[in-house]
Amino acid sequence: MVKEDCIFCKIAAGEIPSRTIYEDESFRTILDISPASKGHAIILPKNHAANIYELPEEDASKIFVVAKKIACAMKQTLQCEGLNILQNNGELAGQTVFHLHLHVLPRYQDDKVSFSWEHGKPSEEELDAIAEILFAFLDF
Ligand code: 5GP
Ligand code: ZN
């Protein structure tokens with residue numbers, strides 16, 4: 001449920017003060033202390049899960065509903081012109097706090113946020129092979 005020495009568990013439980021913008025029985029949404037843009041918020045499940053692999057399906061299914069609520073509120077109140085939802089898993093992917101959280105990032109003209117990657121050029125065969133592996137594993 002709650003992990004000792006996890007700062008986001010303590011914030012989610014209200015043991016450490018935060019700028020809470022939304023709370024329900026499963027999640028607390030707070031302003032990021034070091035925002036990438038005006039209004040940058042993070043949604044924290046109240047039950048500890050380090051990452052998406054550990055996240056219970058119930059929280060997984062509910063967290064995007066919260067994200068939508070926050071996103072709509074930001075559009076209305078902050079007049080952001082765009083918005084990104086971001087969720088990092090693992091150090092390699094940029095995760096720095098190992099309690100799952102969803103970033104809700106309002107975007108503005110001339111903000112300093114950037115996500116970029118080089119687009120690959122895999123062959124049809126390479127794409128087919130990857131799709132086959134995942135499709136077989138997921139067993140649709
Ligand atoms: P990650 O890099 O793990 O995806 O994101 C961690 C985020 O949590 C960062 O954007 C960082 O600024 C934010 N953060 C880290 N510690 C605190 C804290 O104590 N309070 C708040 N409000 N945000 C935090
Ligand atoms: Zn935690």
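Hydrogens, waters and symmetry mates are skipped; everything else that's a heavy atom, side chains included, is used.
Think of F27 as one node in a network of Ile, Leu, Val, Met, Phe, Trp and Tyr side chains linked at under 4.5 Å; its network also takes in I21, Y22, L31, I43, I52, Y53, L55, I63, F64, V66, I70, M74, L78, L83, I85, L100, L102, V104, Y108. With side-chain heavy atoms closer than 4.5 Å counting as contact, directly or through intermediates, the hydrophobic cluster containing I30 also holds I7, F8, I11, I16, I42, L44, V97. Hydrophobic cluster of L127: no remaining members, since no ILVMFWY side chain lies below 4.5 Å from it. Other members of a hydrophobic cluster containing F98 are absent, since no ILVMFWY side chain comes under 4.5 Å of it, directly or through relayed contacts.
Scanning for side chain to side chain donor-acceptor pair (under 3.5 Å) contacts around D128 gives an empty result, with sequence neighbours left out. E58 pairs by the side chain to side chain donor-acceptor pair (under 3.5 Å) definition with K62, not counting sequence neighbours. Qualifying side chain to side chain contact (heavy atoms under 4.5 Å, CB included) partners for E54, counting only residues two or more places apart in sequence or in other chains: A49, A50, N51. Residues passing the side chain to side chain contact (heavy atoms under 4.5 Å, CB included) test with S123, sequence neighbours excluded: E125, E126. Contacts of D24 classified as salt bridge (charged side-chain N to carboxylate O under 4.0 Å, His left out), with partners at least two apart in sequence or in another chain: none. Residues that satisfy the side chain to side chain donor-acceptor pair (under 3.5 Å) test with Q95, not counting sequence neighbours, are absent from this structure.
The CG atom of N47 sits 7.5 Å away from atom OG of S26, with the distance rounded to the nearest 0.5 Å. Note: H101 NE2 to T96 OG1 = 6.0 Å, rounded to the nearest 0.5 Å.
Across every non-hydrogen atom of D32 and P35, the tightest pair is O-CD, 3.5 Å. Scanning both residues, P45 and A12, for their nearest heavy atoms gives O-CB, 3.9 Å. For the residue pair N88 and G94, the shortest heavy atom distance occurs at ND2-O, 3.7 Å.
Residue-environment remark: NZ (K69) stays at or below the threshold of 12 foreign heavy atoms within 6.0 Å.
K38 places none of its side-chain heavy atoms less than 4.5 Å from the side chain of P106.
No donor-acceptor distance shorter than 3.5 angstrom exists from the side chain of R107 to the backbone of G82, with no hydrogens or angles considered.
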Steps toward side chain to side chain donor-acceptor pair (under 3.5 Å) verdict (D111, Q109) = CA-CA 6 Å; D111 67 26; Q109 280 299 335; over 6 Å; no

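The stretch residues 28-49 participates, sequence neighbours left out, in these ring-ring contact (aromatic ring centres under 6.0 Å, His included) pairs: H40-H103, H48-H99.
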Side-chain donor-acceptor pairs under 3.5 Å in residues 112-120, sequence neighbours left out?
none

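Using a cutoff of 4.0 Å between basic side-chain nitrogens and carboxylate oxygens, K46 and E23 are scored as salt-bridged.
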